[in-house]
Peer 1: 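Below you'll find the structure I mean.
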Number of protein chains: 2
Amino acid sequence: MVVSVHVAPPDFDRVFAALGDHTRRDIVRRAISGKEGVLELASHYPMSFAAVQKHVAVLEHAGLITKQRVGRRRVVRTNPEALLVARRLLDQYERLWRARIDRMNELIAETAGAIDTVETKESKR
Amino acid sequence: MVVSVHVAPPDFDRVFAALGDHTRRDIVRRAISGKEGVLELASHYPMSFAAVQKHVAVLEHAGLITKQRVGRRRVVRTNPEALLVARRLLDQYERLWRARIDRMNELIAETAGAIDTVETKESKR
DNA sequence: CACTGATACAACCGTATGGTTGTATCAGTG
DNA sequence: CACTGATACAACCATACGGTTGTATCAGTG
């Protein structure tokens, strides 16, 4: 509950950095089904419970997962919104380089007729 | 040339970790246009040239950018493939939780049917 | 071919990170 | 209400990381 009331600035740093660890990515994947508590999650990994709990905390800080009390444990569940935030940035990059490709193709088309005139335009700083 | 002959295992750790730094993300963004050398890139950031060069090296290690000799400088250019690799993983996660939502809806639909015989049977997407 | 622009790399430093163990909290259950 | 299952958190350690400065390499250009 405490976490992310605003979420105004999508914290890309935290999101991507959190996804930069394969244990954490695996937790994210497992938590999609949203059925396991921290202790159950920890049982899947060859490290101490505390270590896993710290990973979960990192993911929670990044907004990638949330915890919900169910009975006596806290069920971990991934937050699709945060994943979308990350994906949206990658999409944005993709749009940028697609636009660049398009521009290059345009230039090639334009230059196709004027190949003989200008040729080696290198060495401009 | 030396780097990434195999690339067989998409190194998610390196890719996402590399994207976890906003300076590096900005380098990726700038390098989409593929026009600037390392020195020119460095001029955009409030840190030493060597620091930027290290960031570039990290990105190169992650396969997110490549360098190409043009005149006396090495032009940095982002590698769309690596971005796609990252995006594909996020897409995979998205498919997983969409599948989960669908399953939940099915359960809800079934339960609703039990309550009200047959009603919304079309909502199986 | 000497010069220098552009890049790479090594050594170093402070802080962050991923792991550990141990202790504290906290809510169900017997 | 005592007990304990489940989680949180603190302290600590080794290594990784982001930054610095300084030096080496290396290919164009004059």
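Here is the naming used below: chain letters follow the sequence lines, and residue numbers restart at 1 for every chain. A quick note: this is a predicted structure, and the numbers were derived from the prediction, not measured.
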Peer 1: In terms of hydrophobic clusters joined by side-chain contacts under 4.5 Å, are B/Leu83 and A/Ile101 together?
Peer 2: yes
Peer 1: Could you check which of D/dC9, D/dT7, D/dT20 has an atom nearest any side-chain atom of A/Ala50?
Peer 2: D/dC9
Peer 1: Which nucleotide in the set D/dT7, D/dG18, C/dG19 lies at the smallest distance from any side-chain heavy atom of B/Lys54?
Peer 2: D/dG18
Peer 1: How many Å lie between CE on B/Met47 and C1' on C/dG14, as a whole number?
Peer 2: 16 Å
Peer 1: Once you round it to whole Å, what is the distance between P of C/dT17 and CZ of A/Arg14?
Peer 2: 9 Å
Peer 1: Using a cut-off of strictly less than 4.0 Å, decide whether A/Arg74 has a side-chain nitrogen or oxygen near OP1 or OP2 of D/dA8.
Peer 2: yes
Peer 1: Out of B/Asp21, B/Val58, B/Val52, B/Ile32, which one pairs with B/Ile27 under the side-chain contact (heavy atoms from CB on, under 4.5 Å) rule?
Peer 2: B/Val52
Peer 1: Roughly how many Å is it from CG in A/Leu59 to P in C/dT17, rounded to a whole number?
Peer 2: 13 Å
Peer 1: Find the distance A/Lys35:NZ to D/dA6:P and express it as a whole number of Å.
Peer 2: 17 Å
Peer 1: Select one nucleotide: of C/dC9, C/dG19, D/dG28, the one nearest the side-chain heavy atoms of B/Arg69.
Peer 2: D/dG28
Peer 1: Of the options D/dT7, D/dG18, C/dC9, whose atoms approach the side-chain atoms of A/Leu39 most closely?
Peer 2: D/dT7
Peer 1: Between P on D/dG18 and CD1 on B/Ile27, what's the gap in Å once rounded to a whole number?
Peer 2: 11 Å
Peer 1: Pick the closest DNA chain C nucleotide for B/Glu36 and for A/Ser48 by heavy atoms, then say which residue is nearer the 5' end.
Peer 2: B/Glu36
Peer 1: Starting at atom CZ of A/Arg72, determine the distance to atom C1' of C/dT29, rounded to an integer number of angstrom.
Peer 2: 6 Å
Peer 1: Taking the side chain as everything from C-beta on, heavy atoms only, tell me whether A/Glu60 gets closer than 4.5 Å to A/Val76.
Peer 2: no
Peer 1: DNA chain C in dot-bracket, Watson-Crick or G-U pairs under 3.5 Å, [ ] crossing, | other strand?
Peer 2: ||||||||||||||||||||||||||||||
Peer 1: Go through D/dG19, D/dA8, D/dT20 for me and flag the one nearest to the A/Lys67 side chain.
Peer 2: D/dA8
Peer 1: Could you tell me whether the side chain of B/Met47 reaches within less than 4.5 Å of the side chain of B/Thr23, counting heavy atoms only?
Peer 2: yes
Peer 1: Nearest to the A/Phe49 side chain among D/dA8, D/dT20, C/dG18, which nucleotide is it?
Peer 2: D/dA8
Peer 1: For A/Gln53 and D/dT7, is the shortest distance between a side-chain N/O and OP1 or OP2 below 4.0 Å?
Peer 2: no
Peer 1: Apply side-chain contact (heavy atoms from CB on, under 4.5 Å) to B/Ile65 and B/Asn79, showing your working.
Peer 2: CA-CA 5 Å; B/Ile65 62 157; B/Asn79 173 21; 6.0 Å; no
